[in-house]
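Below is one structure, written out as structure tokens; comments come after it.
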Amino acid sequence: MKLYKPFVYFLSILFPALTARGQDHFPAPGPQLLFSSDSTQVNGLRTGAYSFTFRHPLPLVSFVLNGQRCSTAEKSAPWSHSLAVHAGNGTLSFTNISSDTLELTNPVPFGEDSDHVYITGLGDHPLSRTHLFLPGRTPVNVIVPDNAWDMGYCSFGVSVPSQPDSQELSALLRRDRKGVVNGKASRFGTTLYPGGVVRYKWYSSLTAGGWREALTENFQHRMLYDTTRFDDSLFQRQDLRWMRNTYVVQIMMTWDKDYYDYNDRSFHIDRLLADAKRHYGGDDVLAIWPTWPSLGLDQRNQFDLFRDLPGGLRQVRALSEYCHRQGTKFFICYNPWDEGTHHEDHFEGLSRLIGATAADGVVLDTKGSSSKELQAAADRVRKGVVMYSEGMAVPKDMSGIVAGRVHNALYYPPMLNLNKLIKPEFTIYRVTELYKEKVRREFALAFFNGYGTELNIMPPGKPDWVEEQYSYLGRTTRILRENTTNFVSRGYTPLIATTADSIWVNRWQTPGKTIYTVYSLRPSGYKGLLFREQPSEGFHFVDLWRHEPVVPQQQGGSGG
């Protein structure tokens, strides 16, 4: 059988973009790509009343096929005998035209280029390969939503006629959830059996500014095109806003001696909370866990296990009220998989449990989202009860929950969490397990990303180094708490320009104050100018870590 060159020959292809921002997103026609004569490369763009060409032709897409990097700009490439690439009507599809099984990963719109900012996979980590590539910089390992690890993203500057400001063209590829035929979707790519097809939705936009503005446009304003309408009502509720200003959660098993010691038959929550205040200023939340892994050993359900705790629910409520007097919220847990034990309606049981314990929140085991039914079960008996999922809600699910976690399955988490950029008001905690090793890196990364730390003390024992590590947590937590308005504002800019590679700076800006968090990957340290800032009249610079004034160094008379 004769194999033809695997491209669809259009002079232009219409890709949908989104024109509305904020709560409502509505698809609308977007820019048209202008192709070269053989359709293997893109020459430019037409949008609105004007068109322009790129500095040089670009591939429609690059990708990795069976471990080999490929590009549609390649002439008579060997891969073209195995894979067909088709574009049109806002989609990009790959078809296996061979008799072999193919592994397709890392599609990047407009291709990987040293002048581009792009997001794609790097390495073979089983859970975290996604990296942000910046011109002339070390790639940055990033956390993205759990339905977007395989996304492809690219942006680069373009000159647009009649536009005085610089413009950044961006393109985003999202795998169609129903777009895999005769294949298997995985976290980072797709297995295509003979005749198999995978489709990606293609989104393009023009943004005034540079790559950071384009990244914010796609992640925050467009929410990665994950939803056509975002309901912000939970985030507007005053009774739930307290959660976004919290930064330390401690979660424990109820057979921990710091909960109840069977030797002296006494509760020791007072001791636990006092130690927390002494070491790092106190817990914002204390969560107890009396269910897994014992749930299912007999016919008792999860609510029975709470009722059977020492002293019963009356004692749990007394401990909850003690936490409240100490300025600490009290969380319980919920196991949605509790089936086959003593039957009790989950929503009614959860309502009764929240009412009986005066709980302020619920840890949702195995969940990356919540539901209207779960929130309603809490709202029926108590205001201000927060659902806190074990995982992180993807953008389309963020409307149903206000808090989530960077799960400890990512043992050494990536440096930059782009979920924070999607919705800065969404409360994020990094799960930190003390029993494994010193965890200062975890505290530092949570601080760099402007969110909190969950101290998971479920495994037994306390290392002898815990006070030293907690002291560091106290310093980061103080800054987060004292400047919380900055860390939940939409004035967040990730990775501002620096003079040194592998030293990264995030900026958190409000009208009256700007905070910078710095994370260095240079073990040898660094001394010298790091980033530029123009001082404003009436403002001064302070090193919050050392409580010292900072005098910015003037350079070239520009003031910073």
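These numbers were taken from a predicted model, which means no experiment stands behind them.
The side chain to side chain donor-acceptor pair (under 3.5 Å) check on T485 picks up nothing, with sequence neighbours excluded. For Y247, the side chain to side chain donor-acceptor pair (under 3.5 Å) partners two or more places apart in sequence, or in a different chain, are T484.
Between H86 and L92 the shortest side-chain heavy-atom distance does not fall below 4.5 Å. Under the 4.5 Å side-chain criterion, counting only non-hydrogen atoms from C-beta, L234 is not in contact with S399. Side-chain contact check for M392 versus H407: every heavy-atom pair is 4.5 Å or farther apart. A heavy-atom distance below 4.5 Å is not found between the side chains of N486 and Q509.
Although no hydrogens or angles enter the test, the distance criterion places a donor-acceptor pair under 3.5 Å between the side chain of E213 and the main chain of G210. Counting only distance, with no hydrogens or angles, the side chain of T53 and the backbone of N43 share no donor-acceptor pair below 3.5 Å. No donor-acceptor distance shorter than 3.5 angstrom exists from the side chain of T207 to the backbone of E217, with no hydrogens or angles considered. Put simply, the side chain of R440 never gets that close to the backbone of Q469: no donor and acceptor are under 3.5 Å apart. Counting only distance, with no hydrogens or angles, the side chain of T72 and the backbone of L60 share a donor-acceptor pair below 3.5 Å. Proximity of a side-chain donor or acceptor of H56 to a complementary backbone N or O of F54 within less than 3.5 Å is not detected. In terms of modelled atom types and a separation under 3.5 Å, the side chain of N96 and the main chain of L192 share a donor-acceptor contact.
A cation-pi arrangement is found for K423 relative to F235, the charged atom lying closer than 6.0 Å to the ring centre and inside a 45° cone about the ring normal.
Closest of all the heavy-atom pairs between R430 and Y411 is NH2-O, 3.1 Å. Closest of all the heavy-atom pairs between K178 and R199 is O-NH2, 3.5 Å.
If you check the side chains of W508 and T517, you find a donor sitting under 3.5 Å from an acceptor. N456 and E433 share no donor-acceptor pair across their side chains, judged by distance under 3.5 Å alone. Counting only N and O atoms by type, the side chains of S98 and D100 include no donor and acceptor under 3.5 Å apart. The closest side-chain donor-acceptor pair between D226 and N147 falls under 3.5 angstrom. With hydrogens and angles left out, the side-chain atoms of T499 and Y526 include a donor and acceptor closer than 3.5 Å. A side-chain donor from one of T246 and Y429 sits under 3.5 Å from a side-chain acceptor of the other.
Remark: aromatic rings of F110 and F156 are close, center separation under 6.0 Å. Aromatic ring centres of Y153 and W202 lie farther apart than the 6.0 Å criterion allows. A ring-centre distance under 6.0 Å is not found for Y519 and F447. Aromatic rings from W79 and F63 are positioned such that their centres are separated by under 6.0 Å.
With respect to E168 and R212, no salt bridge is recorded, no charged nitrogen being found less than 4.0 Å from a carboxylate O.
By the 30° and 60° cut-offs, the orientation of the rings of F531 relative to Y516 is tilted.
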Going through the distances and angles, do E390 and T366 end up as a side-chain hydrogen bond (donor to acceptor under 3.5 Å, both in side chains)?
CA-CA 6 Å; E390 179 180 358; T366 72; 5.2 Å; no

